[in-house]
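Quick caveat: nothing in here was measured; it's all calculated off a predicted structure. All values below were derived from every heavy atom in this structure, side-chain atoms included, with hydrogens, water molecules and symmetry-related copies excluded. Reminder, nothing fancy here: chain letters follow the sequence lines and each chain counts from 1.
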Protein chains: 2
Amino acid sequence: MVEEPAGSREHAAELNSWVRGLLARVEDKWGVLILGVLAAGGLRYSELGRHLPGVSQRMLTLSLRRLERDGLVTRTVTPVNPPQVDYALTEVGLSLHRTMLVLLGWAKDHEEYIHRSRERFDAEHRGTG
Amino acid sequence: MVEEPAGSREHAAELNSWVRGLLARVEDKWGVLILGVLAAGGLRYSELGRHLPGVSQRMLTLSLRRLERDGLVTRTVTPVNPPQVDYALTEVGLSLHRTMLVLLGWAKDHEEYIHRSRERFDAEHRGTG
DNA sequence: CCGTATCCTCCAGGATACTG
DNA sequence: CAGTATCCTGGAGGATACGG
């Protein structure tokens, strides 16, 4: 169906530990979303939560910690009362977000195609069982 | 930390159902890997399995069905004995794979940065508790 | 306000055994 | 060879309650 680019197939499996290790942590259900929200500007913890419908405090904190640990997000504590904590993207975090937008672009570009593929598949596999 | 691009923040949350719906299925642990292996040329079911260390027959079949349903992979049955089934990427499947390679590129470019970020974070949070 | 601590649920995905 | 059918487990992640 597609021209074979004479690629190294081993490289493909090597991709495993890679994508799993480095990108799975961005894909922990809230990671990418947080990047997306913060891309429009830094926010406080509670504001962030409000922009992510359905997130639990637990997961919000966990995800933020991971992103901070990876140097994608900064955490700034202002010792006032009540305490204030601001989160913002680092340059690297922003660059990852931009890369994710490429993926989002792909998805939008092929939304219709995928939708039709599914309908056809489902139709063909109803009669055939 | 980063210039605010005056982005629409709502758009970010809208990303939710999107990425979850369309890309999570490619991210079903084996989806991307299968695309990677098939990008070097079509393969039979068993060959595919051999190129994906640790995959179970169950998941291999499930993932392939999903990819086929989405129009990313073709399944061609040759009625010989023993039966032969070949899988290959469609053009759209190949384009998705190329997009994933962009992500892989990002990861490689920032591997060192992330590694150092983690070490620093872990060091700083050992003493502080 | 900004979290941490606990408990609990749910399901992706592995192991295994069987068929056309 | 190319799957399907079952059973089973780990761990991601939600709900809730509490603390500085």
Exercise for the section: Just do the side chain to side chain donor-acceptor pair (under 3.5 Å) check on B/Tyr87 and B/Thr76 with the steps written out, would you? Expected result: CA-CA 6 Å; B/Tyr87 292 92; B/Thr76 311; over 6 Å; no
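As a whole-Å value, the separation of B/Gln84 CD from D/dG3 P is 11 Å. In this structure, the CE atom of B/Met59 is 15 Å from the P atom of C/dC11, given to the nearest Å. Note: CG (A/Leu52) to P (C/dC2) measures 14 Å, nearest angstrom. At whole-Å resolution of the value, CZ in A/Arg75 and C1' in C/dT4 are 12 Å apart. Remark: C1' of C/dG13 and CG of B/Asp28 are 10 Å apart, rounded to the nearest angstrom. Put simply, CZ on A/Arg44 is 9 Å from C1' on C/dC2, counting in whole angstrom units. Rounded to a whole Å, the CG atom of A/Leu62 is 15 Å from the P atom of D/dG11. If you take NZ of A/Lys29 and P of C/dC10, they are 14 Å apart, rounded to a whole angstrom.
Along DNA chain D, the nucleotide closest to B/Ser46 and the one closest to A/Ser56 are compared, and the more 5′ of them pairs with B/Ser46. For the pair A/Gly54 and B/Thr61, both in contact range of DNA chain D, the more 5′-proximal nearest nucleotide belongs to B/Thr61.
Candidate nucleotides C/dG20, D/dG3, D/dG13 were compared by shortest atom distance to the side chain of A/Arg66, and D/dG13 ranks first. You'll find that the side chain of B/Arg65 is closest to D/dT4, out of D/dT4, C/dC1, D/dG13. Here the nucleotide nearest the side chain of B/Pro82, chosen from D/dC1, C/dG3, C/dG13, is D/dC1.
In this structure, A/Val85 and A/Thr78 have side chains that are not in contact, with every pair of non-hydrogen atoms separated by 4.5 Å or more. Counting heavy atoms from C-beta outward, A/Arg50 and A/Leu43 have side chains that stay 4.5 Å or more apart.
Remark: B/Arg58 is not in phosphate contact with D/dT4, judged by side-chain N or O atoms under 4.0 Å from OP1 or OP2. A close approach under 4.0 Å does occur between a side-chain nitrogen or oxygen of A/Tyr87 and OP1 or OP2 of C/dG3.
The existence of a salt bridge linking A/Arg75 and A/Asp86 is excluded, since no basic side-chain nitrogen approaches an acidic carboxylate oxygen closer than 4.0 Å.
Judged by distance alone, the side chains of B/Ser117 and A/Asp70 never bring a donor and an acceptor atom under 3.5 Å apart.
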